Amino acid sequence: MTADAATAAHSQTVFDPVPPTADHNRMRNPGIALAPEMFEGHAVNRSAAERRAASLTARRSVKKANQAAWLVNAIRCIDLTTLSGDDTEGRVHRLCAKARQPLAPRILEGLGIAGMGLTTGAVCVYPTMVPHAVAALEGTDIPVASVATGFPAGLTPLPIRLAEIRYAVEEGADEIDIVITREHVLKREWNALYDEIAQMREACGHSHLKAILATGELETYRNVYAASMVAMQAGADFIKTSTGKEGVNATLPVSLIMVRALRDYGMETGHRVGFKPAGGMKTAKDALAWQILMKEELGNDWLRPDLFRLGASSMLADIERQLEHHVTGRYAASHRHAIA
Amino acid sequence: MTSIANLIDTMDYGPAPESADIVEDWLAVHEAGFGHFIDGRFTRPGDTFEVSNPATGETIAQITQGTAADVDAAVKAARGAQGKWAGLSGHERARWLYALARRIQQHARFLAVLETIDNGKPIREARDIDVPLVARHFYHHAGWAEIAETEFSDAKPVGVCGQIIPWNFPLLMLAWKIAPALAAGNTVVLKPAEYTPLTALAFAKICDEVGLPRGVVNIVTGDGATGAAIVAHEGIDKLAFTGSTDVGRLIRRETAGSGKKLTLELGGKSPFIVFADADLDAAVEGVVDAIWFNQGQVCCAGARILVAESVAERFGALLRQRMAALRVGDPLDKSTDVGAIVHPVQLARIEELMAKGVAEGADLYQGEAPDGCFYPPTLATGVEPASTLATEEIFGPVATLTTFRTPADAIALANNTRYGLAASIWSENVNLCLGIAADLKAGVVWINCTNVFDAGAGFGGYRESGFGREGGREGMMEYLSFPAPKPPKADDAPAAIPPAPGLGGVVVGIDRTAKLYVGGKQKRPDGGYSYPVTNAKGEAIGLAGHGNRKDIRDAVEAAHKAVGWGAATGHNRAQVLYYLAENLAARADEFTDRLKSFGQSPAKAKTEVETAIQRCFWYAAQADKFDGAVHQTKSAHVTLAMHEPLGVMGIACPTPFPLLGFVSLVLPAVAMGNRVVAIPSQTHPLAATDLYQVLETSDVPGGVINIVTGERDELAKTLGDHDGVDGLWYFGSRDGIAMVEQRSAGNLKQTWTEPGMARDWTKPEGHGRAFLHRATQVKNVWVPYGE
């Protein structure tokens with residue numbers, strides 16, 4: 001009782017709410033002047049957002065070879081992260097080794113992708129660890145991302161935060177994950193927030209700026225939407241949910257709101273901004289869930305590392321186990337895989 | 001096989017089929033065909049018809065066409081089992097319902113896959129929505145079984161229930177019908193739709209598995225003819241039907257005068273109203289849940305999108321974008337949003353209506369759909385209020401999009417329909433949302449959500465969407481019977497009014513002219529005729545206006561204009577009723593004399609007047625106390641069950657108790673906010689017409705109570721036919737009861753009929769909450785919350 005005809009005829013409509021333009025393709029978001037009318041009074045209904053987030057993953061299922069492909073894709077988008085007080089040169093080296101070789105060769109071969117040069121999307125470390133990471137990744141295209149600006153609270157004086165960005169850039173960081181001043185959002189000081197991020201963007205120079213909103217501390221989705229918009233208007237290349245240190249980190253509903261904000265920004269300006277959920281995502285299932293969100297709300301382009309990153313550390317281990325299972329048909333154990 | 005590298009490039013979802021192996025094995029076992037489930041046993045297949053999987057067109061089962069004899073056997077079995085089933089303690093019945101709920105959960109995936117194969121709905125919906133709601137319904141009603149004896153202390157089961165369910169939610173509709181019926185102590189004969197009988201048969205197996213007493217649940221399969229046999233069967237005490245309004249109308253006519261209790265859950269053309277301040281993304285997703293749920297084959301589907309003109313362009317753009325991401329296809333694929341239309345006949349109906357819509361000027365924006373029994377998600381614009389697409393229930397994945405200017409404009413458009421099942425409101429403004437919810441003519445109102453269901457809340461419609469509620473306390477009420485007086489043999493059928501005015505009456509004192517009372521004014525009957533009112537000895541004691549159909553028309557119109565009454569506070573209405581009591585008491589002697597003039601004994605006349613005054617107090621007391629409820633449904637939702645008046649009601653009063661009968665029927669109606677057109681006792685109307693002076697002095701606003709005297713059944717007929725009358729109470733002859741129920745089918749107005757001689761209005765049976773229940777309908781308003 002198959003329905004081959006029905007399956008084959010699944011809608012093939014191209015879904016691309018923010019299409020690339022000749023000018024803007026691959027061009028960084030230059031930002032625009034602060035435009036509060038793009039977010040003030042923008043309604044976000046929490047109940048509805050949560051309902052949509054809950055049904056998103058129930059509405060879609062990715063199985064077998066497709067699932068393996070999606071998990072490999074997730075690896076390409078992972079910002080493999082260590083952000084601990086006890087990070088050392090050795091620890092960062094180990095992380096970078098895993099970023100270069102995220103899957104055991106036997107799994108890569110089993111998947112038939114040994115030749116694709118699979119790496120994670122980036123490694124993400126504290127500023128003082130940047131030189132170690134740069135050294136460890138020499139000869140690869142893997143970008144080094146550094147958190148900066150008094151991560152995670154972001155409450156050191158602005159000049160010091162800007163200096164920290166410049167330090168990380170000078171040390172070779174390709175991407176800077178800044179944290180915003182939550183106070184500006186909670187007090188609706190949009191000018192202050194905009195100016196601060198714009199200065200940070202300037203300090204980043206050629207390095208890309210990812211703006212961490214710390215959504216768990218903004219609490220309401222309206223705040224999240226507004227903060228997303230201001231960050232993009234100020235020139236963020238990515239907006240990112242969390243530091244991983246807040247009480248609540250990346251959730252699907254909060255991601256949905258941010259993704260809709262960057263769709264709205266894109267529809268208004270034509271500029272494409274990336275999205276990075278971070279913190280709290282640990283499983284292969286999470287990796288699929290967030291990719292479904294991106295595909296459903298923004299289309300396939302937002303499944304590539306230039307517009308999508310997963311900020312995670314332990315997720316890769318689970319993905320590797322799932323992929324080994326896909327290759328061998330046997331359930332895998334992490335102790336047989338290299339740790340990050 | 002496509003390489004992983006290629007799949008990474010395309011990032012397609014790929015196939016994710018739900019396995020149907022176990023269900024196919026089960027169907028293979030029954031290849032020879034299914035019989036009925038009667039008296040705890042499956043009958044041998046009789047004449048069978050084919051049931052197919054609409055997604056593939058394959059035949060999946062042979063189903064028996066139920067005959068009148070089959071129905072008769074099922075009704076007999078149900079009758080045989082009913083006494084014992086009702087005799088069980090609530091706790092014992094609760095254990096059976098609990099067992100059914102448990103077993104449904106244990107077979108959840110089987111039932112979901114079977115439903116998908118039979119109906120064409122996406123497996124996601126069958127799995128995540130239908131089947132969990134089915135289990136929830138049985139759990140909820142296991143609870144009602146347990147506590148019904150104390151919660152409804154004076155109620156009894158109705159008896160044997162005939163239940164006819166549609167094909168859109170086959171198992172869920174079965175649960176909605178069977179769970180409350182069984183909880184209340186009834187037994188059932190249920191007919192699933194001919195397109196989708198399989199989950200009902202699987203449910204029969206489950207009844208068998210748990211060892212449910214024989215005859216409590218009987219399932220008879222077949223088409224409309226089988227349904228008609230159930231409707232016509234004299235052994236049925238109550239009929240519950242879910243389906244089209246046309247068939248509902250037929251059933252109403254068929255059962256007129258039969259004394260069968262009836263609930264109808266019918267069609268809809270529900271508005272989906274998006275205000276400018278709404279979360280537009282949320283509303284767009286709401287449209288997906290509203291009209292692209294179950295292929296739009298949902299009676300409460302939000303089929304008419306009304307969007308504020310100021311955001312219409314953006315909303316339309318977002319909606320079109322969202323449509324591009326909908327996946328239409330194999331219902332068994334876990335990534336399918338929209339599955340197959342239930343049957344080629346239904347597909348043809350959708351296509352026909354759409355062709356008509358396009359011919360009338362509609363523009364269609366459509367997604368894609370595979371060949372076969374599929375229809376693409378469709379958005380129709382350029383649809384005017386009179387268009388086919390705006391008025392006809394399409395029962396397919398088609399929404400119309402219309403703009404409005406102001407909240408009042410939105411309400412006008414939303415209520416511009418014969419139906420009144422559901423509505424959905426999208427705005428972040430709580431004042432606006434609740435204000436619109438109050439103004440909508442709909443039994444279910446969802447605020448910032450849509451198609452949310454729970455066993456704990458009532459579901460059912462206003463207007464031509466039917467009557468009765470399913471779910472919650474109000475749903476249980478429909479499967480219980482409450483003490484009613486036993487009618488005597490004598491029929492309340494007064495002699496026809498003679499064509500010529502009676503002559504020879506003796507006028508004592510100054511002649512008084514009793515007129516009609518319409519819109520707060522005394523009015524001569526349109527025909528200009530009067531008829532004689534006589535006492536017990538047959539002597540003429542006065543004349544009453546001989547009202548005709550035009551007087552009824554005028555009275556209904558006056559009642560419609562008195563809209564303020566329903567919006568007044570209960571306290572305000574109580575004040576008016578207390579004032580009425582005051583003024584009636586002041587003229588008690590006069591009314592007593594009037595009753596005596598009809599031949600009543602002084603003691604009885606005095607009691608009648610005293611009781612009438614007491615009724616005023618009682619309904620004044622109830623005016624601000626007959627509260628609704630807040631249902632326990634989902635987390636972070638308030639579900640308000642609000643009592644609302646029916647609207648404009650006709651009331652035909654019994655011949656006896658010319659004052660008290662009138663007062664006891666009119667007061668509960670107006671206490672609840674209805675406006676009334678009352679036909680007083682035909683033979684003694686003067687007690688009622690005397691009352692209009694009291695109404696005038698008691699600040700009863702004009703049009704709230706209108707009085708038309710004349711030939712009761714003639715006037716009731718006009719009220720029955722009138723599409724602007726929302727409810728009709730008739731206390732009169734047996735023929736009159738049948739006539740009123742017949743006539744009410746036109747706009748499916750709610751009726752309450754009873755032999756006019758049945759009730760002693762001076763006794764406690766002359767008043768009570770039952771009257772208030774009949775005078776109201778429940779609107780369930782769902783309000784999710786959280787910022």
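Values below: every heavy atom of this structure, side chains too, minus hydrogens, waters and symmetry copies. Because the structure is predicted, anything quoted here is derived from the model rather than measured. In what follows, every chain begins at residue 1, and chains take the letters A, B, ... in the order their sequences are listed.
- Heavy-atom distances place the side chain of B/D128, and not its backbone, under 4.5 Å from chain A.
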Go through B/D337 and A/R60 one step at a time and tell me if the salt bridge (charged side-chain N to carboxylate O under 4.0 Å, His left out) criterion holds. CA-CA 9 Å; B/D337 292 310; A/R60 296 290 179 264; 2.5 Å; yes
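- In summary, the aromatic rings of B/W26 and B/F110 are positioned with their centroids under 6.0 Å apart.
- If you tally non-hydrogen atom pairs under 4.5 Å between each of A/E50, A/M116, A/K63, A/R51 and chain B, the highest count goes to A/R51.
- Highest contact tally toward chain A, considering only B/M11, B/E428, B/R322, is held by B/M11 [criterion: heavy-atom pairs under 4.5 Å].
- With respect to A/E324 and A/R106, a salt bridge is recorded, a charged nitrogen being found less than 4.0 Å from a carboxylate O.
- Environment of CD in B/E787: crowded, with over 12 heavy atoms of neighbouring residues, nucleotides or ligands closer than 6.0 Å.
- Contact annotation for A/N45: both backbone and side-chain heavy atoms come within less than 4.5 Å of a heavy atom of chain B.
- Taking the six-membered ring for Trp and thresholds of 30 and 60 degrees, B/W446 and B/F453 have ring planes more than 60 degrees apart, a perpendicular arrangement.
- In this structure, the portion of A/R260 lying under 4.5 Å from any heavy atom of chain B is its side chain and not its backbone.
- Within residues 288-298 of chain A, the residues that have a heavy atom under 4.5 Å from a heavy atom of chain B are A/Q291, A/I292, A/K295, A/E296, listed by number.
- A salt bridge does not link B/R127 to B/E115: none of the charged nitrogens lies less than 4.0 Å from a carboxylate oxygen.
- Chain B forms more heavy-atom pairs under 4.5 Å with one residue of A/R76, A/E219, A/R222 than with any other, namely A/R222.
- Ranked by heavy-atom pairs shorter than 4.5 Å toward chain A, the options B/N448, B/T10, B/D281 are led by B/D281.
- Proximity to chain A is absent for every atom of B/R320, based on heavy atoms less than 4.5 angstrom apart.
- Heavy-atom contacts from other residues, nucleotides or ligands closer than 6.0 Å to CG of A/L186 number more than 12.
- Looking at B/L318, only its side chain comes within 4.5 Å of chain A, counting heavy atoms on both sides.
- Between A/Y265 and A/H271, the two ring planes are tilted [angle within 30° to 60°].
- Of the listed residues (A/L303, A/N66, A/I113, A/L256), the one with the most heavy-atom contacts under 4.5 Å to chain B is A/N66.
- Surrounding CD of B/E31 are at most 12 heavy atoms belonging to other residues, nucleotides or ligands under 6.0 Å away.
- Both the backbone and the side chain of B/Q321 come within less than 4.5 Å of a heavy atom in chain A.
- A salt bridge links A/D16 with A/R272: the distance from a Lys NZ or Arg NE/NH1/NH2 to an Asp or Glu carboxylate oxygen falls below 4.0 Å.
- Between B/D21 and B/R109 there is no salt bridge, since none of the side-chain N atoms of the basic residue sits less than 4.0 Å from a carboxylate O of the acidic one.
- Neither the backbone nor the side chain of B/A636 comes within less than 4.5 Å of any heavy atom in chain A.
- Neither the backbone nor the side chain of A/A49 comes within contact range of chain B; no heavy atom of the residue lies under 4.5 Å from a heavy atom of that chain.
- Ranked by heavy-atom pairs under 4.5 Å with chain B, the list A/V44, A/V72, A/D264 is led by A/V44.
- With respect to the salt-bridge test (charged N to carboxylate O, under 4.0 angstrom), the residues A/D79 and A/R309 qualify.
- Residue-environment remark: CG (B/D25) exceeds the threshold of 12 foreign heavy atoms within 6.0 Å.
- B/S427 does not touch chain A: none of its heavy atoms, backbone or side chain, sits under 4.5 Å away.
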